[in-house]
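What follows is a single structure, written as structure tokens, with notes after it.
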Amino acid sequence: MTEAVEKLVKKSEDPSRWYLQLVRMAKLADYGPVRGTFAIRPYGFEIWERVQRDLDDRFKATGHRNAYFPLLIPESYLKKEAEHVEGFDPELAWVTIGGREELEERLAIRPTSESIICDFYRNWIQSYRDLPILINQWCNVLRWEKVTRPFLRTSEFLWQEGHTVHATAQEAREETLRMLGVYRDCFYEAMAIPVLTGAKSPSERFAGAVETYTCEGLMGDGRALQAATSHDLGQNFARAFDITFLDENQDRVHPYQTSWGFSTRTIGGLILVHGDDRGLRLPPRIAPTQAVIVPIWRGKNKGEVRREAEALYTELKDSGIRMEVDLDEEHSPGWKFNEHELRGVPVRVELGPRDIEKGQAVLVRRDTGEKEFVGRKELAEKLEGLMGEIQENMLRQAETFREENTRRAESYEEFKEIIARERGFVVAPWDGTEETEQKIKEDTRATIRLLPFEREEGKDLVSGRPGRTAIFARAY
RNA sequence: CGGGACGUAGCGCAGCCUGGUAGCGCGCCUCGUUCGGGACGAGGAGGUCGGAGGUUCAAAUCCUCUCGUCCCGACCA
């Protein structure tokens, strides 16, 4: 390897620096002038578009429709739900001047849209016949963050927020869990990230929610990432915003609401879960380019190789694979190999004079590095099959990693040692009190990531009191 | 928001201590030779030294403030 390749620090040596370098070298994002603002560059945005499309299809399939709500939220709206303001107050950015006039009431740039959406919903909902309301919004939000990193924590970020309204508590709860499942499927099937799902502890709940459910992924450095959340809001917001409807019995009652969100943070998760020392690795389902053809030519046969590469490109593209052909004449094949590996392209197709002679091409998998010679006629079919295989293998690799890094702690000593030494997920009983949760956090910096749905009883490692199993980790 | 480090060409850095005409590597542009794991030669372009104020005949260099970045902690998708 040459020194240029070694410019990317090893993931295992300095994960933090590796991440920042990779984001810039792979042209995913670039820093903005204001703290926490970033430009998502075309390659990064294409990944987001793929994820977005996958999720959006799933939302539509479960009966949701998209809409758009205002960016600016009057202060008085935010204040209506007490817990909600308190939760977001430290992170708000305010608009106080419009044109040249000082505003009578300052306007918050949305950190999330519950409050302003509820204000609309109050007017839109009169009767049980208006329910359920199943609306999703794709937008940007702003939270004044102190410590930021591209994708993982940015002041402004892109996301999707679903806001639904239901006649009964039961329906709202079902919706909350349904959307958690939708996220889970997207992570597993599209992003090849094996997330764990479960409920949050009360202290980690969304401000204003009755219950928060989460998808938690385990990153390559053993830290957990909250990747998407789904909230059962109960009647909290309906009461605060005075949303009511007449039910079948002619009684005026408050409806039940949910909200759920998934953000560009997941791109950070994708990088951390799948990336390696050579750079990014993208699952085929969301890779903007699924296979790249690198022609290898010599002076005398350049024209021929070039023509063959172009023909192969057209042929494979027509068979439905997202192809790219790298006809750049300034760089050597070796340079291109490294470049496309850095970008995480799932398969490289090498085509040189020897291959043309033999009527074949060389396929190299990004996930395993395996090299294979394939006859020209079988190429399209082979590639198509490879996409599925790579997708599956990447999920399997991530799953294996997660399993190897999920440990049961039998004593508090052991718990502390695991967090200090290996990190990863630690499974241990919790007595349900905030005191023990807080103590563990102070001692180890690990927090409860989730309470699994499968209830398991046990004795709390700190207090000795009876409790249920929780999953702990140090989080991003 | 605390503790530490750092802002000099697109990227990585030297110069600062001891003030005196801004440098190196990579990248970029042109031409030629190359091309199966980051090719080579020759020419060339590019910086109000993060910003503001101060000290000085003179500031990248000294002082003050400010903005930003990174690492380690407290809060969050």
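Chain naming here is simple, since letters A, B, ... match the order of the sequence lines and numbering starts at 1 in each.
Residue A:Thr112 is classed as having no contact, given no heavy-atom separation below 4.0 Å to the nucleic acid. Note on A:Arg35: only backbone sugar-phosphate atoms sit closer than 4.0 angstrom, heavy atoms only; bases stay farther off. Among the heavy atoms of the strands, none lies under 4.0 Å from A:Leu225. Within 4.0 Å (heavy atoms only), A:Gly36 reaches sugar-phosphate atoms of the nucleic acid but no base atom. Contact annotation for A:Thr148: backbone-only contact, meaning every heavy-atom pair under 4.0 Å involves sugar-phosphate atoms and none involves a base. Nucleic acid contact class of A:Arg17 (heavy atoms, under 4.0 Å, all strands): none. At the heavy-atom level, A:Gly352 lies under 4.0 Å from base atoms of the strands shown. Within the 4.0 angstrom heavy-atom criterion, only backbone atoms of the sugar-phosphate kind lie near A:Arg474; the bases stay farther away. Using a 4.0 Å heavy-atom cutoff across all strands shown, A:Lys441 reaches sugar-phosphate atoms only and no base atom. Contacts of A:Trp297 with the nucleic acid, taken as non-hydrogen atoms under 4.0 Å apart, include base atoms. If you check every strand for non-hydrogen atoms under 4.0 Å, A:Lys302 touches a base. Contact annotation for A:Val34: no contact, since no heavy-atom pair falls under 4.0 Å across all strands. Using a 4.0 Å heavy-atom criterion, one finds that A:Phe262 contacts no nucleic acid atom at all. Within the nucleic acid shown, A:Val294 has no heavy atom closer than 4.0 Å to any nucleic acid atom.
Remark: aromatic rings of A:Phe453 and A:Tyr213 are close, center separation under 6.0 Å.
Separating the C1' atom of B:rA14 from that of B:rG68 is a span of 22 Å, rounded to the nearest Å. As rounded to the nearest Å, B:rG44 and B:rC24 have P atoms that lie 13 Å from one another. Taking atom C1' in both B:rU30 and B:rG23, one finds a spacing of 24 Å when rounded to whole Å. Using C1' as the reference atom, B:rC62 and B:rG27 are 35 Å apart when rounded to the nearest Å. Atom name P, nucleotides B:rG38 and B:rG51: the rounded distance is 40 Å, in whole Å. If you take atom C1' in B:rG50 and the same atom in B:rA9, they sit 14 Å apart, rounded to whole Å. The same atom, C1', is picked in B:rG41 and in B:rG37; the two are 23 Å apart, to the nearest Å.
Residues satisfying the salt bridge (charged side-chain N to carboxylate O under 4.0 Å, His left out) test with A:Lys79, not counting sequence neighbours, are A:Glu75. Looking at residues two or more places apart in sequence or on another chain, you find a side chain to side chain contact (heavy atoms under 4.5 Å, CB included) between A:Ser76 and A:Pro74, A:Glu105. Residues satisfying the salt bridge (charged side-chain N to carboxylate O under 4.0 Å, His left out) criterion with A:Glu189, sequence neighbours excluded, are A:Arg58. Qualifying side chain to side chain contact (heavy atoms under 4.5 Å, CB included) partners for A:Asn136, counting only residues two or more places apart in sequence or in other chains: A:Asp56, A:Phe59, A:Asn66, A:Trp138, A:Gln160, A:Trp260.
With both pairing distances under 3.5 Å, B:rC75 is matched to nothing as a Watson-Crick or G-U wobble pair. The partner of B:rU18, taking Watson-Crick or G-U wobble pairs whose two distances both stay under 3.5 Å, does not exist in any strand shown. For B:rC70, the paired base is B:rG4 (Watson-Crick or G-U wobble, both distances below 3.5 Å). Summarising the base pairing, B:rC31 is matched to B:rG41 through a Watson-Crick or G-U wobble pair whose two defining distances lie under 3.5 Å. Remark: B:rC11 base-pairs with B:rG25; criterion is Watson-Crick or G-U wobble with both hydrogen-bond distances under 3.5 Å.
Lacking a ring centre under 5.5 Å from that of the base six-membered ring together with a plane angle below 30°, A:Trp159 does not count as stacked on B:rA77.
When rounded to the nearest whole Å, the span between NE2 of A:His331 and P of B:rA39 equals 9 Å. In this structure, the CG atom of A:Asp326 is 15 Å from the P atom of B:rG37, given to the nearest Å. Summarising the geometry, the separation between CG on A:Asp30 and P on B:rG10 is reported as 12 Å, rounded to the nearest angstrom. Summarising the geometry, the separation between NZ on A:Lys200 and C1' on B:rC76 is reported as 11 Å, rounded to the nearest angstrom. Rounded to a whole Å, the CD atom of A:Glu357 is 17 Å from the P atom of B:rG36. Atom CD1 of A:Ile296 and atom P of B:rA39 are 13 Å apart (whole Å). Between A:Arg149 atom CZ and B:rC76 atom P the separation is 18 Å, expressed in whole Å. Atom NE2 of A:His163 is separated from atom C1' of B:rA77 by 13 Å (rounded to the nearest Å).
Looking at A:Ser263, its side chain comes within 3.5 Å of the base of B:rA77 through a donor and an acceptor atom. Counting atom types as modelled, A:Glu341 pairs no side-chain N or O with a base atom of B:rG38 as donor and acceptor under 3.5 Å. Judged by atom type and distance alone, A:Arg24 does not reach the base of B:rG10 through any side-chain donor-acceptor pair under 3.5 Å.
Nearer the 5' end of RNA chain B, as judged by each residue's closest nucleotide, is the contact made by A:Glu350, out of A:Trp144 and A:Glu350. Both A:Thr229 and A:Ser16 lie close to RNA chain B; mapped to their nearest nucleotides by heavy-atom distance, the more 5′-ward contact belongs to A:Ser16.
The side chain of A:Leu20 approaches B:rC71 more closely than any other nucleotide in the set B:rC71, B:rG38, B:rG37. Side-chain proximity of A:Glu339 to B:rC71, B:rG38, B:rG36: nearest is B:rG38. Distances were taken from every side-chain heavy atom of A:Val364 (C-beta onward) to each of B:rA74, B:rG37, B:rA77; the shortest belongs to B:rG37. Picking from B:rG36, B:rC1, B:rA77 the nucleotide with the shortest atom distance to the side chain of A:Lys146 gives B:rC1.
Listed by first and then second residue, the ring pair (Phe, Tyr, Trp, His ring centres under 6.0 Å) pairs involving residues 266-297 of chain A amount to none (not counting sequence neighbours).
Residues A:His163 and A:Ser259 bring no donor and acceptor atom of their side chains to less than 3.5 Å of each other.
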Give the C-alpha distance, both sets of side-chain angles, the deciding distance and a yes or no for side chain to side chain contact (heavy atoms under 4.5 Å, CB included) between A:Lys200 and A:Glu211.
-> CA-CA 7 Å; A:Lys200 282 289 185 187; A:Glu211 191 75 84; 5.9 Å; no
Does the pair A:Thr164 and A:Thr258 meet the rule for a side chain to side chain donor-acceptor pair (under 3.5 Å), with working shown?
-> CA-CA 5 Å; A:Thr164 69; A:Thr258 81; 2.5 Å; yes
Just do the side chain to side chain contact (heavy atoms under 4.5 Å, CB included) check on A:Arg265 and A:Phe157 with the steps written out, would you?
-> CA-CA 8 Å; A:Arg265 162 182 272 192; A:Phe157 57 90; over 6 Å; no
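In this model, the phosphate group of B:rC76 is not approached by any side-chain N or O of A:Arg153 to a distance below 4.0 Å at OP1 or OP2.
Using the six-membered ring where Trp is involved, A:Tyr412 and A:Phe415 have ring planes that are tilted, between 30° and 60° apart.
Of the residues in residues 76-92 of chain A, A:Glu91 come within less than 4.0 Å of RNA chain B through at least one heavy atom, sorted by number.
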